[in-house]
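Treat the numbers as computed from the prediction; the structure is a model and nothing was measured. The analysis underlying the following values was restricted to heavy atoms, covering all of them including side chains, and did not include hydrogens, waters or symmetry mates.
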Amino acid sequence: MSARPRAALLLRAGLVSVLAWGALTGCAADEEGLRDATDYARHEPLGVVGYPTSESLRITQRLVWRLADGKAEEVEALAADPDDARGDVERTARNWIRSFHEGARGKVTAEFYDEGSVRQLVVVYFHDTGQTKSFTVRLTGRAGEDGWRVTMREPDPKQASATPDWVPRAPGALGSKTPR
C-alpha cells in the first residue's frame, strides 16, 4: 500500500474514532433528555398555570412523572434536602406516592406562584382524584450549581397529604400570587 492511500485510511479511521467518541459522550450527557422524551410519550401532558422558569417546570414535571410511576427512590432523587434529612426524604417520598400515585397518572395541572428565580411555590391539581399538593422547588448548592430540586420534609402521612387552607379549588383563581 502506498503512503498516500495509507494516510487517507489513517485519517478516515481517526475521524471515525473522533465521531464515535463524540456520539458516545454526547449520548451519555443527554441521557436525561432521552429519559424526558420517553416520559413525555408515556405520561399525560402537564397543564401549566402561572409563570414557571424552564427549570422549575422541568423539576415539577419530573416529580409528577415519578409519582405516577410509583418509584420512591426516583422521587427521593429529586429532593433538595441534605443527606442528614435522608430519613425524612424517604418517608416523604413514600407518603407522596401513597397519596398521589393514582392522581398523578391522570390529568394534572401545576400552578406556579410568584417569581421563580431561585425558588417557587407550586400547587399541583390532580383532576381525576380531586386532590391538590403544594410544595416548593428551589435552586440548590451554594450558587445554584446543583440545579433545581424539590423540598421534601413531610414524613408524617397527614402532613404529606394535607392541602393548605389558602389553596383555591381551581388553578388560577388567585392569579398565581400567594395571599399575603
Fellow cluster residues of L121, listed by chain then number, with links counted only when side-chain atoms sit under 4.5 Å apart: Y113, V123, Y125, W166, V167, L174
With E76 via salt bridge (Lys or Arg N to Asp or Glu O under 4.0 Å) - residues at least two apart: none
Non-neighbouring partners of Y51 that pass ring-ring contact (aromatic ring centres under 6.0 Å, His included), sequence neighbours left out: none
Side-chain donor or acceptor of S56 paired with backbone N/O of P52 under 3.5 Å: no
Donor-acceptor contact present, side-chain T132 to main-chain V124, <3.5 Å: no
Those residues that, when tested against E44, pass salt bridge (Lys or Arg N to Asp or Glu O under 4.0 Å) (two or more places apart): none
Electrostatic pair R62:D39 at N-O distance under 4.0 angstrom: no
Backbone N/O of S117 and side chain of E115: donor-acceptor pair under 3.5 Å: yes
Whichever hydrophobic residues join Y40 through chains of side-chain contacts under 4.5 Å: W65
Sidechain-backbone polar pair: D88 side chain, R153 backbone, donor-acceptor under 3.5 Å: no
ring-ring contact (aromatic ring centres under 6.0 Å, His included) partners of residues 143-165, not counting sequence neighbours, each pair once: none
All ring-ring contact (aromatic ring centres under 6.0 Å, His included) counterparts of F112, not counting sequence neighbours: none
Partners meeting side chain to side chain donor-acceptor pair (under 3.5 Å) with S176 (sequence neighbours left out): E111
Summary of salt bridge (charged side-chain N to carboxylate O under 4.0 Å, His left out) pairs that have at least one residue in residues 126-136, sequence neighbours excluded: K133-E154
Polar side-chain atom of R91 near backbone of G87 as donor-acceptor pair, under 3.5 Å: yes
Would you mind writing out the side-chain donor-acceptor pairs for residues 100-107 within the sub-3.5 Å range, not counting sequence neighbours?
{"residue": "H101", "atom": "ND1", "partner": "L67", "partner atom": "O", "Å": "2.9"}
{"residue": "H101", "atom": "ND1", "partner": "A68", "partner atom": "O", "Å": "3.1"}

Pairing residues for R58 by the side chain to side chain donor-acceptor pair (under 3.5 Å) criterion, not counting sequence neighbours: E55
For V49, the rest of its hydrophobic cluster, which grows through side-chain links under 4.5 angstrom: none
